[in-house]
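Everything below concerns the one structure shown next.
Just so you know, ligand 1 is whichever comes first in the structure, and atom 1 is the first atom listed for that ligand. Any value given below was found using the heavy atoms of this structure, including those in side chains, with hydrogens, waters and symmetry copies removed. Please read all numbers here as calculations on a predicted model, not as lab measurements.
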Amino acid sequence: MAATIVKGACPHDCPDTCAMLVTVEDGRAVKVAGDPDHPFTQGFLCTKVNRYVERTYHAERLLRPLRRVGRKGEGRFEPISWDDALDEIAARLTSIARSPDGPQAILPYSYAGTMGFVQSSSMDRRFFHLLGASKLDRTICSMAGTMGMRMTVGANIGADAEGIPESDLVLLWGTNTLTSNPHLWPFVLQARERGAPIIAIDPLRTRTAAQCDDWIAIRPGTDAALALGIMHVVFAEEMEDRDYLAQHTLGVEQLRDRVLEYDPDRVSSITGIPASRIIDLALRYGQARAAFIRVNYGLQRHKGGGMAVRTIACLPAVVGHWRRPGGGVQLSTSANFQFDKNTLERPDLSPPVRTINMIRLGEALTTPNAGVGGPPVRAMIVYNSNPAAVAPDRNAVMRGLAREDLFTVVLDHFQTDTADWADIVLPATTQLEHWDLHLAYGHHYVSLNRPSIEPVGEAKPNSEIFRLLAARMGMNHPALRDDDLTVIRQAIEGATPGAWQAEKLRGVTMEALLERGWMRLNVPKPYLPFADGRFLTPSGKCEFYSERMKEMGLDPLPSFTAPYEFPEDVPALASRFPLTLISSPAHQFLNSTFVNIGALRRAAREPELMIHPSDAEPRGIATGMRVVVHNDRGEFTAVARVDESVRATVVWAPSIWWAKYAADGQNANATTSQLETDMGHGPVFYDNLVEVMAAD
Ligand SMILES: Nc1nc2c(c(=O)[nH]1)N[C@H]1C(S)=C(S)[C@@H](COP(=O)(O)OP(=O)(O)OC[C@H]3O[C@@H](n4cnc5c(=O)[nH]c(N)nc54)[C@H](O)[C@@H]3O)O[C@H]1N2
Ligand SMILES: Nc1nc2c(c(=O)[nH]1)N[C@H]1C(S)=C(S)[C@@H](COP(=O)(O)OP(=O)(O)OC[C@H]3O[C@@H](n4cnc5c(=O)[nH]c(N)nc54)[C@H](O)[C@@H]3O)O[C@H]1N2
Ligand SMILES: [Mo]
C-alpha cells in the first residue's frame, strides 16, 4: 500500500511548535519529519521528537487502564476495563463531591505534556469547572516572566524571530537556544553571516554559549542589575533614542535617576562580571541599530524573575530598537494567539472556589487546609504532567503522593514516577492519535494537528476521557459533549461561529488549516509590534514606571531584586551551602518527557553534576566520581564532571530525570524549594543553594 503523509504539529512545551509530517503505511506511522515549507521550523525536528514514532510504539506504552493492587507506590497494577475504571473514578469523585468536604477536595493537576488546546485546556477545564473542583494556578514555567512583560510592554509578546537576520547584535540572554529553542538558531546564523556578533549571557557555557562570539558568565539571579548597568552607560554616553523615549515611554526621568545607582562598578559587584565587560556590552548595545534580545524562561526562575524580565524588556525602548526589523526583545509570542479561551475553558461554569498554586503541590497535599484554606485535597487527577519529577521540593510532593487516603488518577502515555503512585492509571493517546490546535510561543504560526493513526491499544484522548467521565457522573451540560473538531472551531471562531474573530486571527480558518496544516497570524512579516509605540499597557506607553507594580507593593521602577538564596544576604546558609544549583534542561529530554526513550537516555548517560575545578578540588572531587548534592530540603546523587564551563560557585545538574532511572531514586527537585517569585507566583528552581561532596 502506498504511504500517505499526514500534516501534524509537535505538541511539546517548546517555543518552536514544529510543523510535522507523519508518514503512514498500512495504518502504521513509520516516520516523522519537519515540514520544509514551514517558514520558522524549516523542515527539521529536534533530537527528541525525531524519535516520536519510537515513543509512540514503545514497548512500555500504557495500553489499558490499570488499577493499583499493591501498596501505594509499590508499582503493582492489574489491567481493568474502561468501564470499570470510569465507574470507579466516577464513584470516588461523586462521593467526595457530595461529602462535607465538597468538590473543592478534588484537584486537577496538569501542565504542558501537550500544549494543544483540545487535549490540555478545554474539555478538561469545562469538566473541573462544572464539577466545582479546586482550580490550579499553572505557574510552574512562565508566570514570573509573563508578568514582567505585561508590566513593561503590556502583554507577553515581543519581537519577531524572523526579523533576526536583519539584526546587528544578538543577545541570547538566559537561554540555551541550541537545546531549548533550536529552530531559532538558523536565523541567528544568518545575522552572524551579515556581521552581527552573538553574545550569550549565562552562568553556564552551554552548547549554545560555546557557539557564540562571546560568553558573559553572569552570577545567577542578577540579570536586572546587568540591564540597569547597560542603561547607566547608554544614558551616560547619550546613546538613547530621545525621540522614541519622548513619544512612546512613561517614566524616563525616574528611570534616568534610578540607573545612576547602577554604575559599572556596583553592577560588577552584584553580577560578578568585570566592569570593563559591562561597559563594553553596553557600548555595543548602544551603538547597535537593531539589537535582538532573546530572553527565555531560564533566567526568571529566581526570586526576582519578574523584575529581571521587566527590566530587560525596558532596554529596546531606551535605544528605540523596536522601530526596526531585528530589534527588540522576545520572551514569548504567545499572547498574539487570541483564541477564544472563555468558550474553550468555560470559567463561567465554575462556582467560586479556591485556587492552588501548582508549585506548592507538596504543601497542598500535606497540610490540612491545603495551605490555602478549605478542605484537604482528597483526590487528584493528573494529566499532561509528571509532578513526582518536575515539581519543586520533591520530598514534600512524595509525602503527599504516598498518602493512603489520597485518591490519585493519572492519565499518561507511560508509567511515570507519578503514575507509580496512582490508584488508577488511564492510557492516553499521543499526538499521532488525536486532533489538536496549537499556538506557538516562539513564532507567529497557528498549527493544526491531524491524527495520523488509530489509537494504540485502548488509549483514549484526554478530551474523550473527560467527556466520558462527565457522562458517567451525570454532568449534563452541552459544553461537555462537544467533539474535538467543534472545540477547535470554537477556539478560532468563538462561541457563535462567524460572530467573532480576533484581529490577529483574521483569515485563520478551519478550512485553511485543514488544507495547509499551519497558518501565519494576521501580522506583518517581520512583525514589529511596537515600532510606533502602541504598547498594550494601561498608558499605551512602554512603562519604565509602573503604577500597577506600585499597587502590587513592588518597586514601580526597574531595580535589582536579590535571589532568596543570594550568598551575601544569607551568610549562615551560604556557609553551609555555598554553591548555586542550576537544574536546567538536558539536551536529550523535554522536561521529564523522553527520559524513558532508550537512545536518548543512553545519550544523557546518567544524572550528572558539572562543577568548576576551583570548587571540585577542595572537595576532593574528580570527574567520574559519584557525588551527593544536598541542602536542608533534600539530596540526590550524580556523577561529577569537573569542567570550566560553569562559573565558579555554580553547579549544573542537567534535568529532569525520572527518579526511577536514578541510582538513588531521586532527582534535582529533591533540593528545590516551594518559594514563589516576586510576580506571578512562579517557581524559583535555580535560586537554590547546595553543598556537594564525594559520595563515600
Ligand atoms: N531540549 C529541551 N528543550 C526544551 C525543554 C527541555 O526540557 N529540553 N524545555 C522547554 C521548556 S518547558 C521551556 S520553559 C523552555 C526553556 O527554555 P530556556 O529558558 O532557553 O531553557 P534552558 O535551556 O533552561 O536555558 C536557560 C539557561 O538559563 C541559564 N540561567 C539560569 N539562571 C540564570 C540567570 O539567573 N541568569 C541568566 N542570564 N541565565 C540563567 C541556564 O544556565 C540555562 O543555560 O525550553 C523548552 N525547550
Ligand atoms: N528542577 C527543575 N524542575 C523543573 C524545571 C527545571 O528546569 N528544573 N522546568 C520546569 C518547567 S519549565 C516546566 S514547563 C515543567 C514541566 O512539567 P510538565 O509539563 O509536567 O512536563 P513533563 O515532565 O514533560 O510531563 C508531561 C507528561 O505529560 C505526558 N503527556 C504528554 N502528552 C500527553 C497527552 O496527550 N495526554 C496525557 N494524558 N499525557 C500526556 C507525558 O508523557 C509526560 O509524562 O517542569 C518544571 N520543573
Ligand atoms: Mo517550561
Side-chain angles (χ1 to χ4, degrees), residues 11-16 46-48 55 109-116 119-120 138 140-142 145 172-182 200-206 208-209 216 218-223 226 271 294-302 304-305 308 358-359 382-387 389-392 394 410-414 416-419 426-431 433-434 436 441-442 459 461-462 465 563 580-596 646-647 650 652-656 658 667-669 671-672 683 685-688:
H12 286 297
D13 186 356
C14 164
D16 297 4
C46 68
T47 322
K48 311 166 296 288
R55 185 178 186 277
Y109 197 93
S110 75
Y111 200 62
T114 166
M115 297 209 37
Q119 306 305 338
S120 83
R138 292 175 171 82
I140 200 166
C141 175
S142 60
L172 301 176
W173 197 328
T175 178
N176 185 1
T177 307
L178 283 168
T179 285
S180 304
N181 182 194
I201 304 172
D202 197 309
L204 312 180
R205 187 168 59 205
T206 58
T208 307
I216 297 182
I218 192 168
R219 285 178 75 195
T222 65
D223 303 275
L226 178 59
T271 61
R294 181 58 164 119
V295 275
N296 211 326
Y297 289 104
L299 77 66
Q300 41 105 67
R301 306 200 196 293
H302 306 268
M358 70 186 299
I359 66 161
V382 180
Y383 57 102
N384 303 343
S385 187
N386 183 10
V390 305
R394 179 168 196 276
V410 175
L411 286 59
D412 208 304
H413 305 144
F414 292 103
T416 60
D417 284 342
T418 309
L426 299 176
T429 46
T430 69
Q431 189 78 341
E433 302 149 61
H434 56 226
D436 225 322
Y441 62 95
N462 293 343
I465 296 173
T580 298
L581 173 65
I582 292 179
S583 51
S584 64
H587 190 69
Q588 295 82 3
F589 306 150
L590 194 293
N591 299 320
S592 81
T593 306
F594 294 101
V595 177
N596 62 329
V646 289
R647 236 195 105 84
V650 173
W652 182 43
S655 290
I656 308 168
W658 286 16
N667 77 13
N669 279 321
T671 59
T672 56
F685 288 113
Y686 313 155
D687 187 338
N688 184 20

With no hydrogens and no angle check, just 3.5 Å: does a side-chain donor-acceptor pair link [X] and [Y]?
X: Arg647; Y: Thr580; result: no
X: Thr671; Y: Asn688; result: yes
X: Ser584; Y: Trp652; result: yes
X: Asn386; Y: Thr418; result: yes
X: Asn176; Y: Thr208; result: yes

Which atoms of ligand 1 are found less than 4.0 Å from any heavy atom of [X]?
X: His587; result: 1 (N)
X: Tyr441; result: 11 (C), 13 (C)
X: Gly221; result: 34 (C), 35 (O)
X: His302; result: 32 (N), 33 (C), 34 (C), 35 (O)
X: Thr179; result: 1 (N), 2 (C), 3 (N)
X: Pro220; result: 35 (O)
X: Asp223; result: 34 (C), 35 (O), 36 (N), 37 (C), 38 (N)

Query - Within 45° cone and under 6.0 Å: Arg55 NZ/CZ vs Phe594 ring - result: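 Ring-cation test returns yes.
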Does [X] reach the side chain of [Y], with side-chain heavy atoms less than 4.5 Å apart?
X: Asp223; Y: Gln300; value: no
X: Pro387; Y: Val382; value: yes
X: Val390; Y: Ser385; value: yes

Requested in this report: Give a yes or no answer on whether the side chain of Thr175 reaches the backbone of Leu172 with a donor-acceptor pair at less than 3.5 Å.
Outcome: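 No, because the side chain of Thr175 does not come within donor-acceptor range (under 3.5 Å) of the backbone of Leu172.
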Requested in this report: Ignoring hydrogens and angles, tell me if any N or O in the side chain of Asn667 forms a donor-acceptor pair with the backbone of Asn669 under 3.5 Å.
Outcome: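 Yes, because the side chain of Asn667 sits within donor-acceptor range (under 3.5 Å) of the backbone of Asn669.
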Heteroatom distance test ([X], ligand 1): nitrogen or oxygen, under 3.5 angstrom:
X: Thr175; value: yes
X: Pro15; value: no
X: Asn181; value: no

Query raised in the report: Which one holds for Gln588 and ligand 1: side chain close, backbone close, both close, or neither close, with close meaning a heavy atom under 4.0 Å?
Result: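 Neither part.
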Query raised in the report: Side chain, backbone, both or neither: which part of Thr206 has a heavy atom under 4.0 Å from ligand 1?
Result: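 Within the 4.0 Å criterion, Thr206 contacts ligand 1 through side-chain atoms alone.
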Report task. Walk me through it: do His434 and Gln119 pass the test side-chain contact (heavy atoms from CB on, under 4.5 Å)? Result -> CA-CA 9 Å; His434 56 226; Gln119 306 305 338; 3.6 Å; yes
Report task. Enumerate the protein residues lying less than 4.0 Å from ligand 2, judged by heavy-atom distances, in chain and residue-number order. Result ->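 Ligand 2 pocket, heavy atoms under 4.0 Å: Asp13, Arg55, Tyr111, Ala112, Gly113, Thr114, Ile140, Cys141, Arg301, Asn384, Ser385, Asn386, Val390, Leu411, Asp412, His413, Thr416, Ala428, Thr429, His434, Asn462, Ser583, Ser584, Leu590, Asn591, Ser592, Thr593, Ile656, Asn669, Phe685, Tyr686.
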